[in-house]
Q: 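Here's a structure for you.
On a predicted model such as this, the values are computed, not experimentally measured, just so you know.
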Amino acid sequence: MCLAVVTLFYCLILFNAPQKLFRDSDTGWHIVTGEKIVSTMQLPRTDPYSFTRAGRPWVAWEWGADCVMGGVFRVGGLGGLVWIFAIAIAFVTWLWVRLNWAVGGNFFLTCLFASPMLSTANLHWLARPHVFSWIFMLGLLWYFESRESDFHFRPAHAIVLTLGTALWANVHASFLFAPLLALIYAVGHAFRPLIWNLDVRLEFKMARWFLTAALFTLLGGFLNPYGYNLHQHLIEYLMNGDLLARVGEFQSFNFHVEGSFQILLTIGIAALGGVLALAEKKLAHSMLCALLIGAALRSARILPIAAILLLPIANGAITDALRRARDLRANLRRSLSSFLRYSDRLRLLDSGLGGVWVAPVVALLAFFWLRVPMIAGQTGFPRDQFPVIAAGELITLPPDIRLLAPDKYGGYIIYRYGGARKVFFDGRSDFYGSDFMKQYIRLVEVRPGWQDQLRAFGFTHALLPNDYSLLPALQQLGWSVVFRDDVATLLAKSDLVGQVVNR
């Protein structure tokens, strides 16, 4: 509980959650979508936000999380969203500590690994549905680790796995990880007796348990409003390399940037854990480490997942290796044994302190802190990254303008105007597709053929960051400045200048 409390206040104060949780504009359309669903009690089936794809089929596959976000926003505004996501992040840490204990991790290594875990996870600390998915991932892995000594698959297991995955499937697309994780454990137990001299009957029982778990988690994933179409949509999206190559968060992390040491440390510890897990005959752990490390090196968005799932596994593997260390000098062996025994006592003490009474008190303190006028006044989309002032000028323009704005601004405009002012593009890359993204990149990067794209989309106005090369290019074509501040510039096409309100 102590680490969870530290995480909460680190997130709120040092990380500056009231602003940094909103550094991704996708939060905007998630909020508005949730509000619409809560109001109408219906899922959107076609695109309600863009003029470029208006009316086309849209799969709102994170609708459950959207409802939470929209409902919380209605009650508590952006401050309420900060509170709910900060609590979720703290709960992730609490589950992370429980997982460390479930795999037999060392108390002191848990405290030591908390730093790289938090430094890596906060790469993706955003007010977006994936934060809730981390809770499901940790909970499932913890559940599996707790079942390692239970050989019988009972109805309670089927209910928990089916309903848990069903809830997950309506919150975030990562529910596909559930049957995959179960299969990894099933394969690990099936192959262990083929590699090492182990009890074949016992291992095959465990393999059957996890194989059955995989079937029920697979079944749970179909309990969503889209049925199997959701699986088809997500698999097509994830297999579309041409599209993912153009989505920033699916690119590899730049390990040369400042502050990347903790992320490198996370990968190194996870790799060590994978090797030691194999030495300890924990084949499933080793396979999971190999899979997630490979995925994390390929895609930056997997790095937080690797940190929260693999560091506990590495802790358990390192602790087992220390317990089984042989041929040590007598004084070193005594010191190591004392260290491990003391750690075990602290771990048992922490496991017994559930912190049931601490959690609501800390949560209330965080809630009231976010209501302090100075904090509440600074809560929201960062003014140095979003057109907070410039977007306000759009109210002076007709509602049917065709506004050229980057995807980062698109989500914010959807939020700012509740979806009433249609956008050119936003962060729903699975909806827009790779062909559209190629056109978008050609246009905003002023590549050959960009003027053809400009005419084809029929833009009447543009809202662009001041550092975009497209901005002076449009001015050279005769587009006029309607409004400019130190973040963004609002332009109007030359033949429409007389129709805008001069400021």
Q: Is the Lys NZ or Arg CZ of Arg45 less than 6.0 Å from the centre of Trp58's six-membered ring, within 45° of the axis?
A: no
Q: Kindly compute the distance separating CZ (Phe113) from OG1 (Thr120), expressed to the nearest 0.5 Å.
A: 12.0 Å
Q: Decide if atom CZ of Arg371 counts as having more than 12 heavy atoms of other residues, nucleotides or ligands within a radius under 6.0 Å.
A: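 Check passes, neighbour count above 12.
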Q: Counting only N and O atoms by type, is there a donor-acceptor contact under 3.5 Å from the side chain of Asp426 to the main-chain atoms of Val423?
A: no
Q: Would you tell me whether Asn315 and Asn100 have side-chain atoms, one donor and one acceptor, within less than 3.5 Å of each other?
A: yes
Q: Output yes when Asp47 and Arg428 qualify as a salt bridge under the 4.0 Å nitrogen-oxygen rule, no when they do not.
A: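 The answer is yes: the pair qualifies as a salt bridge.
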Q: Would you find a donor on one side and an acceptor on the other, under 3.5 Å apart, between the side chain of Arg421 and the backbone of Leu394?
A: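 Confirmed, Arg421 side chain pairs with Leu394 backbone.
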Q: Got a second to check how far Phe431's CZ is from Phe436's CZ, nearest 0.5 Å?
A: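 One gets 9.0 Å once the value is rounded to the nearest 0.5 Å.
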Q: Taking Thr33 for the side chain and His30 for the main chain, is one N or O donor matched with an acceptor at less than 3.5 Å?
A: no
Q: State, with a plain yes or no, whether a side-chain heavy atom of Thr52 is found less than 4.5 Å away from one of Phe425.
A: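 No; the side chains remain at least 4.5 Å from each other.
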Q: Would you call the rings of Phe424 and Phe459 parallel, tilted or perpendicular, taking 30° and 60° as the class edges?
A: perpendicular
Q: When you look at Asp407 and Tyr432, which way does the side chain to side chain donor-acceptor pair (under 3.5 Å) test go after all the steps?
A: CA-CA 11 Å; Asp407 58 324; Tyr432 288 95; over 6 Å; no
Q: Got a donor-acceptor contact below 3.5 angstrom from the Trp83 side chain to the Ala363 backbone?
A: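 Answer holds: yes.
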Q: Any side-chain heavy-atom pair from Leu288 and Ser286 closer than 4.5 angstrom?
A: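 A side-chain contact is absent here, since even the closest heavy-atom pair is not under 4.5 Å.
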Q: May I have the step-by-step check of side-chain contact (heavy atoms from CB on, under 4.5 Å) for His461 and Lys493, ending in yes or no?
A: CA-CA 6 Å; His461 296 78; Lys493 196 176 178 182; over 6 Å; no
Q: Dump the intermediate steps for side-chain contact (heavy atoms from CB on, under 4.5 Å) on Phe22 and Leu78, then the final yes or no.
A: CA-CA 9 Å; Phe22 300 107; Leu78 292 179; 3.8 Å; yes
Q: Is it true that a side-chain atom of Arg416 and a backbone atom of Val388 form a donor plus acceptor pair closer than 3.5 Å?
A: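 Yes; at least one donor-acceptor contact below 3.5 Å.
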Q: Please say whether more than 12 non-hydrogen atoms of neighbouring residues, nucleotides or ligands are located less than 6.0 Å from CZ in Phe255.
A: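 Atom CZ in Phe255 is packed in, count exceeds 12.
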Q: Step by step, work out the side-chain contact (heavy atoms from CB on, under 4.5 Å) result for Leu265 and Ile269.
A: CA-CA 6 Å; Leu265 183 61; Ile269 294 171; 3.8 Å; yes
Q: I want to check something: taking the side chain as every heavy atom from C-beta on, are Leu464 and Thr489 in contact at a cut-off of under 4.5 Å?
A: no
Q: Enter the distance from Met287:CE to Leu183:CG here, rounded to the nearest 0.5 Å.
A: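 It comes to 9.0 Å.
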Q: How close do Leu303 and Ala296 get, heavy atom to heavy atom, and via which atoms?
A: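 In terms of heavy atoms, the two residues are closest at CD2-CB, 3.7 Å.
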Q: Around atom CG of Leu264, are there more than 12 heavy atoms from other residues, nucleotides or ligands closer than 6.0 Å?
A: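 For Leu264, atom CG is crowded (more than 12 foreign heavy atoms under 6.0 Å).
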Q: Compare every heavy atom of Pro44 with every heavy atom of Ile37, then report the nearest pair and how far apart it is.
A: CG1-CD, 3.8 Å
Q: With a distance cut-off below 6.0 Å to the six-membered ring centre and an angular limit of 45° from the axis, does Lys20 pair with Phe15 as a cation-pi contact?
A: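 Yes, Lys20 lies over the aromatic ring of Phe15.
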Q: Report the distance from atom CG of Leu454 to atom CG of Leu474, rounding to the nearest 0.5 Å.
A: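 It comes to 6.0 Å.
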Q: Ring centres under 6.0 Å, that's the criterion: do Tyr228 and Phe222 meet it?
A: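 No; Phe222 has its ring centre 6.0 Å or more from that of Tyr228.
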Q: Any donor-acceptor pair under 3.5 Å linking the side-chain atoms of Trp168 with those of Ser174?
A: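 Yes, a side-chain donor-acceptor pair sits under 3.5 Å.
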Q: Please round to the nearest 0.5 Å and tell me the distance separating atom CZ of Phe132 and atom CD of Glu62.
A: 10.5 Å
Q: Answer yes or no: is there an ion pair linking Glu249 with Arg128, defined by an N-O contact shorter than 4.0 Å?
A: yes
Q: Can you confirm whether the side chains of Trp61 and Asp430 place a donor and an acceptor under 3.5 Å from each other?
A: yes
Q: Side-chain contact, heavy-atom cut-off 4.5 Å: Leu309 with Leu138?
A: yes
Q: Is there a donor-acceptor contact under 3.5 Å from the side chain of Glu35 to the main chain of Phe73?
A: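 No; zero donor-acceptor contacts below 3.5 Å.
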Q: Can you measure from CD1 (Ile308) to CG (Leu95) and round to the nearest 0.5 angstrom?
A: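 Atom-to-atom, Ile308:CD1 and Leu95:CG are 9.0 Å apart.
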Q: Of all the heavy-atom pairs spanning Ser469 and Val446, show the shortest one and how long it is.
A: OG-CG2, 3.6 Å
Q: Is it the case that the side chains of Ser115 and Gln262 hold a donor-acceptor pair, with the cut-off being a distance below 3.5 Å and no angle test?
A: yes
Q: Using atom types as modelled and distance alone, determine if a side-chain donor or acceptor of Lys408 lies under 3.5 Å from a backbone N or O of Asp26.
A: no
Q: Do any N or O atoms from the side chain of Thr460 and from the backbone of Arg402 form a donor-acceptor pair under 3.5 angstrom?
A: yes
Q: Side chains of Asp66 and Pro129: does their closest heavy-atom pair fall under 4.5 Å?
A: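 Result yes, sub-4.5 Å side-chain heavy-atom pair found.
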Q: Closest heavy-atom contact between Tyr412 and Pro387?
A: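 It is CE2-O, 3.8 Å.
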Q: Taking side-chain contact (heavy atoms from CB on, under 4.5 Å) as the criterion, tell me which of Asp485, Thr396, Val481, Leu403 meets it with Leu490.
A: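 For Leu490, the side-chain contact (heavy atoms from CB on, under 4.5 Å) test succeeds with only one of Asp485, Thr396, Val481, Leu403, which is Leu403.
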Q: Report yes or no: does Arg246 contribute a side-chain atom to a donor-acceptor pair with the main-chain N or O of Asp242 at less than 3.5 Å?
A: yes
Q: Working note: Leu126 + Val131, criterion side-chain contact (heavy atoms from CB on, under 4.5 Å); need CA distance, chi angles, decisive distance, verdict.
A: CA-CA 7 Å; Leu126 299 165; Val131 171; 5.6 Å; no
Q: For the residue pair Ile302 and Ile305, establish whether any side-chain heavy-atom pair is separated by less than 4.5 Å.
A: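 Side-chain contact under 4.5 Å: yes.
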Q: Quick check against the 3.5 Å criterion: does Ser252 have a side-chain atom that pairs as donor or acceptor with the backbone of Arg298?
A: yes
Q: Looking only at non-hydrogen atoms, find the nearest pair between Leu243 and Ser429 and report the distance.
A: CD2-O, 3.6 Å
Q: Angle between ring planes, Tyr415 versus Phe381, binned at 30° and 60°: parallel, tilted or perpendicular?
A: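 Ring orientation of Tyr415 relative to Phe381: tilted.
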Q: Using the ring of each side chain (for Trp, its six-membered ring), is His124 parallel, tilted or perpendicular to Trp134, with breaks at 30° and 60°?
A: tilted
Q: So Leu471 and Leu491, do their side chains get closer than 4.5 Å, heavy atoms only?
A: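 Touching, per the 4.5 Å side-chain cut-off.
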Q: Shortest non-hydrogen contact from Lys422 to Ser50?
A: CB-C, 4.0 Å
Q: Do Asn466 and Arg484 come within less than 4.5 Å of each other through their side chains, counting heavy atoms only?
A: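 Result yes, sub-4.5 Å side-chain heavy-atom pair found.
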Q: Hey, are Thr217 and Thr165 close enough side-chain-wise for a donor-acceptor pair under 3.5 Å?
A: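 No donor-acceptor contact under 3.5 Å links the two side chains.
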Q: Would you call the rings of Phe386 and Tyr409 parallel, tilted or perpendicular, taking 30° and 60° as the class edges?
A: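 If you compare the ring of Phe386 with that of Tyr409, the planes turn out tilted.
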Q: Between His130 and Phe136 (judged by ring centroids, cut-off 6.0 Å), do the two rings come close enough to count as a pair?
A: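 So the answer is no for these two rings.
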